[in-house]
2 protein chains.
Amino acid sequence: MGIVERKIRQKEEVRSSILKAAWQLVEKEGWQALSMRKIAEAIEYSAPVIYDHFQNKEAILLEFTKEGFRILNDRLDKAKSQFTDPPRQMEAMAYAYWHFAFENQEYYQLMYGLGMPSCEMVQEISELTTFTELIMSCLKDMIKISNNQQADPYLKFRTFWSMIHGLISINMMGKGNSINELNTMVLNDFLKGFIAGIKA
Amino acid sequence: MGIVERKIRQKEEVRSSILKAAWQLVEKEGWQALSMRKIAEAIEYSAPVIYDHFQNKEAILLEFTKEGFRILNDRLDKAKSQFTDPPRQMEAMAYAYWHFAFENQEYYQLMYGLGMPSCEMVQEISELTTFTELIMSCLKDMIKISNNQQADPYLKFRTFWSMIHGLISINMMGKGNSINELNTMVLNDFLKGFIAGIKA
DNA sequence: CTATATTTCCTAACAGCGTTAGCAAAGTTA
DNA sequence: TAACTTTGCTAACGCTGTTAGGAAATATAG
């Protein structure tokens, strides 16, 4: 009897319709305007139904945060695979990260809590591990072929991550848009120094 | 007739009691738990009275954001004045910034909207100009005595600001606390490269 | 000193929020 | 057909920021 299967399928459908509706709302009005009641209206159910699929609103946001990191990891992976030279891989990943942030501002803001969450939830995001390893493996390769064998890859990773995130978030804080010339120069300026600092 | 003066004085007193009460609440429960009704209760007035002194809740937050930048500017100024050598001044300001952020997390989170505001309000914060000039003047001095005369001080400023803010915000995102050894090393690692990059 | 005008400040309300309780209807199983 | 389970609703609780309207206190003028 495939009844139970059908039920599971239907339940899954509602669940994904919640996520779909939520995301459309986020895209249209920003994630701060997202409300359970609006989602309910969009999926043509009453609000309490959402709680049969997600524990609370934060759980929905967490889902998007994870999705964001999955997309980011994917972009980084693609960028990296286009080169074999570690420094070039690093550079490519930096640009990929940068473009991801500005092409997916809603995701980025959710991921980094430019509007509130992600303080306790950080540890629940397993995707962060993948992210860290993706970049650190490249850094290890860079150190391996450098004259600076005792460099700490984790330290370099934190430096890299901090810089690129800081650059993005200070930009988003301002006019919100603009991936302009200055910013590209700032990124280049940093990358040059960063990569040189590992080589030597 | 000093009546009008007294009235102004009294009004000013209520205004500052609002700010004082609000800040106590922020310190005790975090700024996300701040509400107009709680402020009203603390100052022993009804909620609508607050609107005689501030246009809305955001205006109160903006007040704190500005106050935060004033404190930060003060710290930077003090740090800078302890040295005459521009690179040392730069270093001192970096540490001052860093310590300010962790000793005044509530302020920092408000200032940089780690919890939401400051997207349109950025342009209303005149204190940002002072901040920018404080650091840029030092960078200009550094460039003046360097072998790299054509370096762009604004570009360097953005690099500096991005890095240090990124470092702080990624840290606050995590465990929230901890000004630990690793972070000091990351900061040192960056500063070394940054200062060297300007000199040469 | 009284009467008018103004300021102060409250209660009540609006419209929204996340979330929970409880019940009615629909669907499933025996 | 009867009993049980699931589904999904309405209504409500306790919050939120903010506004309208009126009562009471205060200040001004005659």
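None of these values were measured; they are calculated from a predicted model. Chain letters run A, B, ... following the sequence lines, proteins first and then strands; every chain starts at 1.
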When you measure from the side chain of [X], which nucleotide among [options] comes out closest?
X       : options                : result
B/Met36 : D/dT18, D/dG8, C/dC17  : D/dT18
B/Ser46 : C/dT11, D/dT7, D/dG8   : C/dT11
A/Lys57 : C/dG18, D/dA20, D/dT10 : C/dG18
B/Lys7  : C/dA21, C/dT28, D/dA27 : D/dA27
B/Asn56 : D/dA11, D/dT18, C/dG18 : D/dT18
A/Lys11 : C/dT19, D/dT7, D/dT16  : D/dT7

If you find the nucleotide of DNA chain C closest to B/Val14 and the one closest to A/Ala33, which residue's nucleotide is nearer the 5' end?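 On the 5' side of the pair lies B/Val14.
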Would you say the side chain of B/Arg37 and the base of D/dG17 hold a donor-acceptor pair, judged only by whether the two atoms sit under 3.5 Å apart?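 Yes, a donor-acceptor pair under 3.5 Å.
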Parallel under 30°, tilted from 30 to 60°, perpendicular over 60°: which one fits the rings of B/Phe160 and B/Phe194?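 Plane angle between 30° and 60°, so tilted.
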A/Asp74/A/Arg70 salt bridge by N-O under 4.0 Å criterion: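 Looking at A/Asp74 together with A/Arg70, the answer is no, because their closest N to O distance does not fall below 4.0 Å.
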Calculate, to the nearest 0.5 Å, the distance between atoms SG and CD belonging to B/Cys138 and B/Glu133 respectively.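 Separation between the atoms: 14.0 Å.
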Atom [atom1] of [X] to atom [atom2] of [N]: distance rounded to whole Å?
X       : N      : atom1 : atom2 : value
A/Gln55 : C/dT20 : CD    : C1'   : 13 Å
B/Lys38 : D/dG17 : NZ    : P     : 9 Å
A/Glu13 : D/dT7  : CD    : P     : 14 Å
A/Phe54 : C/dT20 : CZ    : C1'   : 19 Å
A/Tyr45 : C/dA26 : OH    : C1'   : 13 Å
B/Ile60 : D/dG17 : CD1   : C1'   : 11 Å
B/Ile39 : D/dT18 : CD1   : P     : 10 Å
B/Glu41 : D/dC15 : CD    : C1'   : 14 Å

NZ/B/Lys38: more than 12 non-hydrogen atoms of other groups inside 6.0 Å: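 More than 12 within 6.0 Å, yes.
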Sugar-phosphate only, base, or nothing, as touched by A/Leu34 at under 4.0 Å among non-hydrogen atoms: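 The residue A/Leu34 makes sugar-phosphate contact but no base contact.
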Are A/Trp98 and A/Tyr108 close enough that their ring centres sit under 6.0 Å apart?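 For A/Trp98 and A/Tyr108, the ring centres are not under 6.0 Å apart.
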Could you say whether B/Ser35 or A/Glu44 is positioned toward the 5' end of DNA chain D, judged by the nucleotide with the nearest heavy atom to each?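 Looking at the nearest nucleotide for each, A/Glu44 comes out on the 5' side.
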